[in-house]
*Asks:* 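Got a structure for you, written out below as structure tokens; questions coming shortly.
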Amino acid sequence: MEVKSGIKIFCKDKEFEETVTINTGSHSGKYRQPTKVLFGEADFEPQYEDEAYLPKRDWKKVEGPIVSRIRTTRFLKDYNTAAIGKIPAKLQNLCKQLNLHVATSEKEVLECFYNNKEIVAQLNEGLNDFLQNLSADYSFHCIAAGYPNCETTSVDRRNLPEGYQPHQMRFIGLHKDSSDRKMTIGSSHKHGNRLTINLGQESRYFLFINLTMIQIYNMLKKKIDVKKENISNKNIIEYFFKYFPDYPVLKIEQKPYDFYIAPTDNCIHDGSTLDAKTLDITMVFLGHFTMS
């Protein structure tokens with residue numbers, strides 16, 4: 001299936017062809033190629049929710065007329081642009097002073113921040129100066145750490161028992177966020193975007209399908225009676241993969257200290273640490289980010 005013109009990618013100071021790859025669609029997590037996580041004391045094969053979909057692994061460079069459908073030379077709107085950039089060198093140096101790379105868990109990552117209050121104060125000031133140029137309003141969301149060599153990274157931890165073990169986690173696969181419980185398909189584009197900084201030692205990847213929720217809804221309307229099927233913000237992803245599993249997924253490489261901006265409430269997406277060997281560490285902000 002051919003990729004459509006939808007959400008565009010803005011690569012600031014980066015080579016588009018070296019940063020973005022494309023595949024031929026997604027398949028059920030039931031048919032995934034097994035991966036193994038060996039990190040510290042962890043030794044497990046990631047398991048997925050029954051309804052999870054994962055990108056196929058037939059990645060290739062983006063070439064020819066496809067480029068003009070997915071690339072933009074300027075940031076458009078917060079709801080239809082994905083972007084990749086790098087935090088300033090001063091902020092990179094402050095992050096390095098935190099010695100996050102010695103951490104082997106999220107708990108230890110947070111301890112690195114707690115035990116370096118002076119550096120963190122400088123980092124907060126520098127981040128605020130940097131982010132204020134990208135969004136008039138934004139908020140800190142989280143610092144997170146995850147396992148390497150995971151095909152996707154998002155896990156629903158709400159139903160996990162206290163003190164759970166890695167093998168008990170169920171990854172949700174490609175999905176959309178819902179930062180507001182009242183969100184509808186028609187309002188998905190009104191909730192801004194997120195900025196995620198890679199604080200790890202290795203590249204991680206942002207996976208996404210370059211269609212807005214309205215585009216997906218309109219595609220489904222040509223296949224089914226959307227009112228009869230009661231298509232909503234809660235089930236639209238399930239129906240999309242049922243009828244359009246061959247729609248290509250895009251993959252953006254996010255090197256250490258790169259940040260991505262993406263409308264994660266308005267697109268199907270996830271992160272990936274496939275082939276990495278070290279802890280995945282990210283810092284996330286929510287806002288209405290743009291880049292010039």
Side-chain angles (χ1 to χ4, degrees), residues 7 9-23 26 32-33 35-40 42 46 54-63 70-71 81-89 91-96 98-106 108-109 112 127 130 142-155 171 173-174 193-210 248-262 264 267-285 289 291:
I7 296 171
I9 300 173
F10 177 49
C11 288
K12 183 175 175 63
D13 303 325
K14 281 183 169 289
E15 291 293 334
F16 181 87
E17 293 79 6
E18 297 176 3
T19 304
V20 182
T21 49
I22 191 170
N23 76 354
S26 309
R32 69 188 181 279
Q33 296 172 249
T35 58
K36 188 84 166 176
V37 174
L38 297 170
F39 181 76
L54 309 178
K56 296 176 183 177
R57 296 190 190 178
D58 55 348
W59 300 105
K60 64 179 182 179
K61 287 186 176 183
V62 180
E63 297 175 324
I70 65 173
R71 183 181 186 180
T81 309
I84 187 81
K86 189 173 286 289
I87 62 173
L91 297 182
Q92 295 180 41
N93 291 332
L94 287 170
C95 290
K96 290 173 183 176
L98 293 173
N99 294 318
L100 298 175
H101 300 157
V102 304
T104 60
S105 67
E106 187 168 282
E108 291 181 7
V109 168
C112 288
L127 280 169
F130 173 62
C142 70
I143 294 168
Y147 288 106
N149 203 36
C150 292
E151 195 155 5
T152 59
T153 57
S154 297
V155 175
F171 291 79
L174 294 166
N193 51 16
R194 78 169 49 201
L195 183 151
T196 299
I197 304 170
N198 179 9
L199 298 180
Q201 293 176 265
E202 299 177 87
S203 289
R204 67 194 307 279
Y205 300 89
F206 178 64
L207 312 169
F208 82 108
I209 289 171
N210 75 321
V249 181
L250 299 171
K251 179 169 73 170
I252 300 176
E253 182 180 11
Q254 187 185 10
K255 294 180 179 179
Y257 305 114
D258 281 357
F259 64 87
Y260 77 73
I261 296 172
T264 53
C267 71
I268 300 172
H269 68 282
D270 208 336
S272 177
T273 62
L274 196 62
D275 297 327
K277 295 178 174 60
T278 56
L279 194 68
D280 179 44
I281 308 172
T282 55
M283 181 182 287
V284 184
F285 296 86
F289 299 101
M291 289 171 62

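Any value given below was found using the heavy atoms of this structure, including those in side chains, with hydrogens, waters and symmetry copies removed.
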*Asks:* As a quick check of understanding, evaluate side-chain contact (heavy atoms from CB on, under 4.5 Å) for Arg71 and Glu17, giving each step before the final call.
*Replies:* CA-CA 10 Å; Arg71 183 181 186 180; Glu17 293 79 6; 3.8 Å; yes
*Asks:* Do the side chain of Lys86 and the main chain of Pro256 share a donor and acceptor less than 3.5 angstrom apart?
*Replies:*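 At least one qualifying donor-acceptor pair exists.
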*Asks:* Taking only residues two or more places apart in sequence, or in another chain, which ones meet Lys60 in a side-chain hydrogen bond (donor to acceptor under 3.5 Å, both in side chains)?
*Replies:* none
*Asks:* For Phe285, give me all partners under ring-ring contact (aromatic ring centres under 6.0 Å, His included), at least two apart in sequence or on another chain.
*Replies:*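 Counting only residues at least two positions away or on another chain, Phe285 forms a ring-ring contact (aromatic ring centres under 6.0 Å, His included) with Phe140.
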*Asks:* Report the residues that fulfil side-chain hydrogen bond (donor to acceptor under 3.5 Å, both in side chains) with Asp280, sequence neighbours left out, ordered by chain and then residue number.
*Replies:*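 Checked Asp280 against side-chain hydrogen bond (donor to acceptor under 3.5 Å, both in side chains); matches are Arg204.
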*Asks:* Can you list the residues that meet the side-chain hydrogen bond (donor to acceptor under 3.5 Å, both in side chains) rule with Ser26, with sequence neighbours excluded?
*Replies:* none
*Asks:* Strictly distance-based, threshold 3.5 Å: is any side-chain N or O of Thr282 a donor or acceptor partner for the main-chain N or O of Asn198?
*Replies:*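 Checking the backbone N and O of Asn198 against the side chain of Thr282, no donor-acceptor pair under 3.5 Å is found.
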*Asks:* Flag the pair Thr81 / Ile261 as yes when at least one side-chain heavy-atom distance between them is below 4.5 Å, and no otherwise.
*Replies:* no
*Asks:* To the nearest 0.5 angstrom, please state how far the SG atom of Cys112 sits from the NE2 atom of His101.
*Replies:* 10.0 Å
*Asks:* Who passes ring-ring contact (aromatic ring centres under 6.0 Å, His included) against Phe208, sequence neighbours left out?
*Replies:* Phe206
*Asks:* Could you tell me which residues satisfy side-chain hydrogen bond (donor to acceptor under 3.5 Å, both in side chains) with Thr278, sequence neighbours excluded, listed by chain and number?
*Replies:*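 Partners of Thr278 under the side-chain hydrogen bond (donor to acceptor under 3.5 Å, both in side chains) test: Glu202.
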*Asks:* Under 3.5 Å, is there a donor-acceptor pair between the side chain of Thr273 and the main chain of Cys150?
*Replies:* yes
*Asks:* Measuring only between side-chain heavy atoms, which start at C-beta, is Ile9 closer than 4.5 Å to Phe16?
*Replies:* yes
*Asks:* Please confirm whether the backbone N or O of Ile87 pairs with a side-chain atom of Gln92, one donor and one acceptor, at under 3.5 Å?
*Replies:* yes
*Asks:* Pick from Phe289, Phe259, Tyr257: which one makes a ring pair (Phe, Tyr, Trp, His ring centres under 6.0 Å) with Phe130?
*Replies:* Phe259
